[in-house]
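Convention: sequence-line order gives letters A, B, ...; per-chain numbering from 1. As a basis for the values below, the full set of heavy atoms in this structure was taken, side chains included, without hydrogen atoms, waters or symmetry mates.
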There are 2 protein chains.
Amino acid sequence: MTLSEENYLKAIYHLSDTEGKGVSTNKLAEAMETKASSATDMIKKLADKSFVNYKKYQGVKLTKEGRLIAASVVRKHRLWEVFLVEKLNFNWDEVHEVAEQLEHVKSEKLIEELDAYLDFPTVDPHGDPIPDKYGEIQADKKVLLSSLKPGEKGICVGLEDTSKEFLQYLDKIKISLGIELKVLEKEPFDNSVVLQFNDQQLTVSAFTTTNIYVRKS
Amino acid sequence: MTLSEENYLKAIYHLSDTEGKGVSTNKLAEAMETKASSATDMIKKLADKSFVNYKKYQGVKLTKEGRLIAASVVRKHRLWEVFLVEKLNFNWDEVHEVAEQLEHVKSEKLIEELDAYLDFPTVDPHGDPIPDKYGEIQADKKVLLSSLKPGEKGICVGLEDTSKEFLQYLDKIKISLGIELKVLEKEPFDNSVVLQFNDQQLTVSAFTTTNIYVRKS
DNA sequence: ATTTAAATTTAGACAAATCTAAAAATAGTT
DNA sequence: AACTATTTTTAGATTTGTCTAAATTTAAAT
Ligand SMILES: [Mn+2]
Ligand SMILES: [Mn+2]
Ligand SMILES: [Mn+2]
Ligand SMILES: [Mn+2]
């Protein structure tokens with residue numbers, strides 16, 4: 001596995017929705033910040049190695065083998081993110097670039113020992129689940145904050161958008177994983193929401209409520 | 001800096017003796033496990049970027065800038081080796097291959113935080129010094145075990161050969177860094193040496209005594 | 001059912017890092 | 001000093017991953 005192959009498999013993994021449709025060449029190229037022709041080239045190579053199933057013009061789907069490799073890269077990425085935050089004083093908006101590099105280090109022992117050293121975490125610093133060594137993730141019944149009705153409460157357990165900008169915004173308004181959010185009011189006009197948490201009230205935009213996952217409480 | 005450029009600079013760094021002579025193309029190619037023609041190609045590229053001084057047929061020398069980059073890679077390599085041994089239960093003969101990968105991860109914060117997390121170690125698990133962030137290493141007045149005369153004692157502080165085989169041999173005979181070795185006898189015939197340590201006596205070969213560094217005690 | 005637009009693939013080129021084989025330079029030896 | 005052996009460089013080819021531009025296929029719209 002080359003670095004590039006791993007990154008493409010990871011991108012296909014993230015773009016694969018649960019429905020049966022394959023990932024389109026354009027979507028893949030966009031995710032990889034490259035051109036569609038380059039994506040086509042790589043798709044062919046991955047298909048040759050039978051990490052993906054590919055029919056011309058029909059998009060790609062991961063094979064069982066390809067999905068395992070992709071999940072293993074995601075596992076490493078997220079374990080390293082935990083390490084950076086828990087042990088090396090990184091903030092949650094600083095870990096991604098470094099984890100992008102660390103996820104490609106090859107050593108079975110390294111990742112298993114790291115997992116143990118971190119006490120077998122199940123989620124990364126952004127609330128995303130960490131696949132086990134067989135590529136399995138235990139699904140969490142989380143819902144978007146925007147789905148809560150006024151009066152309902154939920155614990156913040158994850159994010160849809162994990163961009164640096166959004167993470168820094170959440171830092172600023174003091175929303176972090178584990179915090180309990182109560183929906184006080186919804187403004188039908190623009191779908192903004194008044195939240196209560198930490199003994200304060202704050203109005204947030206529809207963007208914010210559709211990018212935060214909660215477990216109802 | 002590409003991965004390949006970093007590895008070549010590191011190889012030149014390790015091959016540079018204190019005398020003024022440059023590193024020969026053949027020596028460099030051998031160290032990189034590649035062909036001389038490939039080494040020449042890379043030397044030209046590094047010279048273009050002024051990381052080395054190069055005159056055809058005269059070998060290469062690192063410039064100040066090249067030496068700093070090489071030292072930084074060595075610093076990362078050795079810090080990661082410490083991490084693997086101290087935190088992740090690696091043995092000293094298992095760390096090198098993984099450190100070869102980790103040394104190329106780019107993040108100023110990562111390496112400085114790792115350094116602090118490890119409590120600013122000065123040597124790696126094999127006793128090799130860790131350059132500081134400016135590429136400086138404080139030289140240790142260590143001598144080869146073979147230079148001790150019968151009756152003299154020394155603390156084991158480093159190794160010349162850090163191959164897996166030698167490390168595993170040292171594990172087997174229970175010699176590790178920090179242990180005190182006393183030379184009881186030298187056999188002129190084959191330069192084998194009778195050592196006393198840990199309340200036991202053991203005869204070791206000339207190879208062993210010329211690949212262990214001690215600080216006289 | 002054509003025509004137009006969008007998505008996708010192909011063809012050909014390029015940079016990085018490597019190789020083999022051949023040429024050139026240096027070092028060692030008579 | 002001339003010849004030989006070794007070292008080093010050059011020339012040309014190869015692989016990987018990328019690009020642009022053109023051709024092809026599919027989807028959408030008359
Ligand atoms: Mn990430
Ligand atoms: Mn994450
Ligand atoms: Mn090492
Ligand atoms: Mn070492």
Of the nucleotides dT8(D), dT10(C), dT18(C), which one has an atom closest to the side chain of T25(B)?
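Nearest to the side-chain atoms of T25(B), counting from C-beta on, is dT8(D).
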Selected nucleotide, minimal atom distance to S24(B) side chain, candidates dT8(D), dC19(D), dT18(C)
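Of the candidates, dT8(D) comes closest.
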Is there a side-chain polar atom (N or O) of [X] under 4.0 Å from OP1 or OP2 of [N]?
X: K56(B); N: dA24(C); result: no
X: K35(A); N: dT20(D); result: yes
X: N26(B); N: dT6(D); result: no
X: T34(A); N: dC19(D); result: yes

Ignoring hydrogens and geometry, is there a side-chain-to-backbone donor-acceptor pair from E86(B) to L118(B) under 3.5 Å?
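Here the side-chain-to-backbone pair does not exist.
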Determine whether the aromatic ring centres of H126(A) and H96(A) lie less than 6.0 Å apart.
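Centroid distance H126(A)-H96(A): not below 6.0 Å, so no.
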Would you mind reading off the distance between D41(B) atom CG and dT9(D) atom P, rounded to a whole angstrom?
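Interatomic distance, CG of D41(B) to P of dT9(D): 10 Å.
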Give S38(A) one of three labels, base, sugar-phosphate or nothing, depending on what nucleic acid heavy atoms sit under 4.0 Å from its own.
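Since a base atom lies under 4.0 Å of S38(A), the category is base.
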Counting any heavy atom closer than 4.0 Å, what does K44(A) reach on the DNA or RNA strands: base, sugar-phosphate only, or nothing?
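Here K44(A) touches the backbone only, sparing every base.
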So for T40(B) and dT10(D), does any side-chain atom that can act as donor or acceptor lie under 3.5 Å from a complementary atom in the base?
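Flag unset: no donor-acceptor pair detected.
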According to ring-ring contact (aromatic ring centres under 6.0 Å, His included), who are the partners of F207(B), at least two apart in sequence or on a separate chain?
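F207(B) satisfies ring-ring contact (aromatic ring centres under 6.0 Å, His included) with F166(B) only.
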List for me each residue that meets side chain to side chain contact (heavy atoms under 4.5 Å, CB included) alongside E187(A), sequence neighbours excluded, and say none if there are none.
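In terms of side chain to side chain contact (heavy atoms under 4.5 Å, CB included), with neighbours along the sequence ignored, E187(A) is linked to F189(A), D190(A), S192(A).
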